[in-house]
**Q** 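Mind having a look at this structure? Questions to follow.
Scope of the values below: all heavy atoms of this structure, side chains included, with no hydrogens, waters or symmetry mates. Each residue takes its place number in the sequence, starting with 1.
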Amino acid sequence: MQFLDASYQAKLDSAQRNPQEDGPIVYIFPFYFVVPLGTEGLDVSKPLLCRILPPTFRITALYSDPISVTYKLHAVVQYSQEQDAGSEVPQTTDKTEKSQIVDFLPYSGVEPPTHVASFPEEFVLKTTSPIWKYAFGGRLGELAMSTSEPLPLAYSPYEDRPSTDLTLSITAHAPLAVQRLRAMSLNVIPAIRVKTFYASEPMPCLPKQTFLNQSQSIRLHDDVIKLEHVDFTQLDWKYCPRIKTDEPPEYEDAVMGNALERTSTNSSLGDNNGDEWRVSVRIPIQHHETILPTFCGSLISRSYSLLLRIRVAGIRTQKADFEIPLQVVYLRPSQVRSDSVHDERSDSCIGPEGLLAQQAVRFTTLRFNNPLTCIEAPYLPRVIVVRQSG
C-alpha cells in the first residue's frame, strides 16, 4: 500500500557533463531531496510523534504477516537530441528513469511520560504480595514494589549505545519479619517488549492493545528483546516509623463532637503496625543492538515497554511481574537544538535546510549514461513510500 508520493523539481545548473573516451557522455545530477514532515499534514491536534514519517524497517517473523516500510527514490530526466543546423529531421524528445532504495531514519523528540490510565490493563507499575513464615501459611507481613517510566533510550550522534535505568522501590510492612529482610536478595530479569501495530485502515493516534478487540483491521506483531539479568544483595533497608501528627478531625467527627474521643483512641494503640522498611534499587537498561525509534502513524506504529520479572530470595513471597512504558528516541545534534528554539507551530516554515537536518536525508547522486547533448526539461525525483503486509 502506497501512502506517500512526494515530487521535487531539481535545478539543472547542478548537472555535470563528463565526456568519456569511448564516446558516451555521462551526466551526473547531484541533489538533496527534502523529505516532508509527515503523511497527514501538520494537524496540530495530533502529537508530534504521530506527524513524522515512520523509519525504514522490515519484519519477516515466522507465523506473522510480513511487514515493511520502504522508501524508493525515483528520478526522471527528459531530454532531446541536439539538432544539426539546416536539418529537416524533426527533433525528438525522450526520457530516462532510474530508481534506488534509500534508508530513512527520522529524528524524534522526547514525549511526555505515558498516561498509564489511558491504557487499561496494558501496564503494571505496582505489585503487592504477602510475606509468609512457612511455605503454606503463617503470614508475617506484606511486600509492595512500585516503579515508574524511566528516561528514554536516546540515540544521538555522540551516543550509539544508549542506556537508561529504572528505579524499583520496595516497601515491607513486616514487623514480625525484620530479621528476615536482612537476608533478602533480588534477581531481576529485564526485557524490552516491541509492539508493532499495523492496519489496512487508519488507526487512532497512539494505538492500544484494547483496539485489537474493537477492530478486525488492526493487528499486533509482538517481539521481546532479552536483556542481562541483574542481582541485588545486601539491600540497604531504611526504617520509616509511622509519624503521628495532630491532623484536624474528619468532618463527621467534628460535627458529632467526638473528635477528642477519636484522638484518644488512636494514641492508645501503642503498636508499630504502621511502621515500614524501605529500600530502592536502580536497574540498568541497555541494549547493544540498534533498535528503531518509537513512532506513531495512521497505518503502522511502534511502541516499547520494559518487562521485569523480580524473584525474591531470603524470604517467602511471590515473584513480581511488571510492564513499564519505554520511549526510544533519536535526538537531533546538540548544535541544531542550540542554534534555534524549536516551535511546533513553525514546522511548516523552517525551510529545506531545517527539514534536511531534521530528517537526516543523505546526499544522493544519480548517474545517467546516455549520449545526450541537450537537456530540455528538468528531471523530477520522487520519494515513494510503500507499506507491505501479507
Side-chain angles (χ1 to χ4, degrees), residues 49 54-69 105 108 111 113-114 116 118-127 129 145-155 160-168 186-199 203 206-213 218-232 281-297 299-312 318-330 387-390:
L49 179 68
T56 301
F57 76 97
R58 181 174 182 82
I59 298 175
T60 55
L62 191 64
Y63 306 117
S64 175
D65 297 330
I67 312 167
S68 68
V69 174
L105 182 62
S108 58
E111 294 291 311
T114 304
V116 176
S118 298
F119 296 81
E121 301 180 4
E122 193 160 341
F123 300 110
V124 178
L125 303 182
K126 184 176 182 179
T127 65
S129 58
M145 301 184 189
S146 63
T147 186
S148 59
E149 181 177 343
L151 292 175
L153 280 175
Y155 292 85
D160 57 353
R161 289 188 177 181
S163 63
T164 186
D165 55 63
L166 185 76
T167 299
L168 180 69
L186 303 175
N187 173 247
V188 181
I189 307 174
I192 297 177
R193 183 183 179 191
V194 185
K195 295 181 285 187
T196 305
F197 292 89
Y198 59 101
M203 297 182 293
L206 303 175
K208 312 171 188 180
Q209 290 181 200
T210 53
F211 291 169
L212 301 175
N213 300 325
I218 301 178
R219 297 185 180 182
L220 171 63
H221 179 273
D222 222 333
D223 198 6
V224 173
I225 302 172
K226 297 182 179 180
L227 304 179
E228 295 181 1
H229 295 201
V230 186
D231 293 316
F232 297 93
V281 296
R282 300 179 73 88
I283 303 170
I285 304 298
Q286 184 176 29
H287 183 48
H288 299 296
E289 297 181 7
T290 302
I291 56 179
L292 296 175
T294 304
F295 63 87
C296 166
L299 297 178
I300 193 164
S301 69
R302 167 71 60 86
S303 60
Y304 297 92
S305 60
L306 282 173
L307 302 178
L308 294 182
R309 168 155 289 187
I310 313 293
R311 290 195 174 103
V312 181
Q318 298 173 343
K319 65 180 182 296
D321 291 322
F322 294 86
E323 182 164 359
I324 308 104
L326 175 68
Q327 293 186 49
V328 179
V329 300
Y330 281 70
R387 182 188 69 85
Q388 300 174 344
S389 63

**Q** Under the side-chain hydrogen bond (donor to acceptor under 3.5 Å, both in side chains) rule, collect the residues that match up with Ser301, sequence neighbours excluded.
**A**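 Partners of Ser301 by the side-chain hydrogen bond (donor to acceptor under 3.5 Å, both in side chains) criterion come out as none, since no residue qualifies.
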**Q** About how many Å separate OG of Ser129 and NZ of Lys319, when rounded to the nearest 0.5 Å?
**A**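 Between atom NZ of Lys319 and atom OG of Ser129 there are 11.0 Å.
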**Q** With sequence neighbours excluded, what pairs up with Ser148 under the side-chain hydrogen bond (donor to acceptor under 3.5 Å, both in side chains) test?
**A** none
**Q** Among all residues two or more places apart in sequence or in another chain, which pass the side-chain hydrogen bond (donor to acceptor under 3.5 Å, both in side chains) test with Lys208?
**A** none
**Q** Under the rule for ring pair (Phe, Tyr, Trp, His ring centres under 6.0 Å), what residues qualify as partners of Phe119, not counting sequence neighbours?
**A** Phe123
**Q** The criterion is ring pair (Phe, Tyr, Trp, His ring centres under 6.0 Å); which residues satisfy it with Phe322, sequence neighbours excluded?
**A** none
**Q** Looking at every non-hydrogen atom in both residues, tell me the closest pair between Pro150 and Ile324 and how far apart they are.
**A**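 Minimum heavy-atom separation between Pro150 and Ile324: CD-CG2, 3.9 Å.
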**Q** Give me the atom names and distance for the closest heavy-atom approach of Phe57 to Leu292.
**A**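 Reported closest heavy-atom pair: CB-CD1, 3.2 Å.
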**Q** With side chain to side chain contact (heavy atoms under 4.5 Å, CB included) as the criterion, how do Leu166 and Leu308 come out once you've worked through the C-alpha distance, each side chain's angles and the decisive distance to 0.1 Å?
**A** CA-CA 10 Å; Leu166 185 76; Leu308 294 182; 3.1 Å; yes
**Q** Going by side chain to side chain contact (heavy atoms under 4.5 Å, CB included), name the residues that satisfy it together with Leu212, two or more places apart in sequence or in a different chain.
**A**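 For Leu212, the residues satisfying side chain to side chain contact (heavy atoms under 4.5 Å, CB included) (neighbours in sequence not counted) are Phe197, Ile218, Leu220.
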**Q** Is there a side-chain contact between Arg311 and Arg309 (heavy atoms, below 4.5 Å)?
**A**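 Side chain of Arg311 against side chain of Arg309, heavy atoms only: contact under 4.5 Å found.
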**Q** Just so I know, are the side chains of Met145 and Val312 near enough to count as touching, which here means a heavy-atom distance under 4.5 Å?
**A** yes
**Q** Starting at CG of Leu168, measure out to OG of Ser146 and round the result to the nearest 0.5 Å.
**A** 7.0 Å
**Q** Within the 4.5 Å heavy-atom criterion, are Phe295 and Ser108 side-chain neighbours or not?
**A**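 Of all side-chain heavy-atom pairs linking Ser108 with Phe295, none is under 4.5 Å.
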**Q** What are the two closest heavy atoms between Ile225 and Val194, and how far apart are they?
**A**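 The answer is CD1-CG2, 3.8 Å.
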**Q** Give me the atom names and distance for the closest heavy-atom approach of Thr127 to Asp321.
**A** CG2-O, 3.8 Å
**Q** Under the salt bridge (charged side-chain N to carboxylate O under 4.0 Å, His left out) definition, can you give me all pairs with a residue in residues 188-199, not counting sequence neighbours?
**A** Glu122-Lys195, Arg193-Asp222, Arg193-Glu323, Lys195-Glu323
**Q** Write down the atom of Pro325, the atom of Val116, and the distance for their closest heavy-atom approach.
**A**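 So the two residues come closest at CG-CG2, 4.3 Å.
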**Q** Identify the two heavy atoms, one from Ile285 and one from Pro190, that lie closest to each other, and give their separation to 0.1 Å.
**A** CD1-CB, 4.4 Å
**Q** Rounded to the nearest 0.5 Å, what separates atom OG1 in Thr196 from atom CD1 in Ile67?
**A**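 Here the rounded value is 6.0 Å.
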**Q** Who passes side-chain hydrogen bond (donor to acceptor under 3.5 Å, both in side chains) against Thr114, sequence neighbours left out?
**A**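 Thr114 satisfies side-chain hydrogen bond (donor to acceptor under 3.5 Å, both in side chains) with Glu149 only.
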**Q** Check Thr294, Val329, Ile192 against Leu153 for a side chain to side chain contact (heavy atoms under 4.5 Å, CB included) and give me the one that passes.
**A**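 Per the side chain to side chain contact (heavy atoms under 4.5 Å, CB included) rule, the option paired with Leu153 is Ile192, out of Thr294, Val329, Ile192.
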**Q** With sequence neighbours left out, what residues match Gln286 under side chain to side chain contact (heavy atoms under 4.5 Å, CB included)?
**A**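 Gln286 satisfies side chain to side chain contact (heavy atoms under 4.5 Å, CB included) with Arg161, Ser163, His288 only.
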**Q** What's the separation between atom CD1 in Ile283 and atom CG in Leu227, rounded to the nearest 0.5 Å?
**A**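 These two atoms lie 11.0 Å from each other.
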**Q** Output all residues satisfying side chain to side chain contact (heavy atoms under 4.5 Å, CB included) with Thr290, sequence neighbours left out; order by chain, then residue number.
**A** Tyr155, Tyr330
**Q** Does Glu228 have any salt bridge (charged side-chain N to carboxylate O under 4.0 Å, His left out) partners at least two apart in sequence or in another chain, and if so, which?
**A** none
**Q** To the nearest 0.5 angstrom, please state how far the CD1 atom of Ile291 sits from the CG atom of Leu326.
**A**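 Atom-to-atom, Ile291:CD1 and Leu326:CG are 7.0 Å apart.
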**Q** Find out whether Thr56 and Val69 are in side-chain contact, i.e. whether some heavy atom of one side chain is under 4.5 Å from a heavy atom of the other.
**A**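 Thr56 vs Val69: side chains apart.
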**Q** Once side chain to side chain contact (heavy atoms under 4.5 Å, CB included) is applied, do any residues pair with Arg282, and if so which ones, sequence neighbours excluded?
**A** Asp165, Thr167
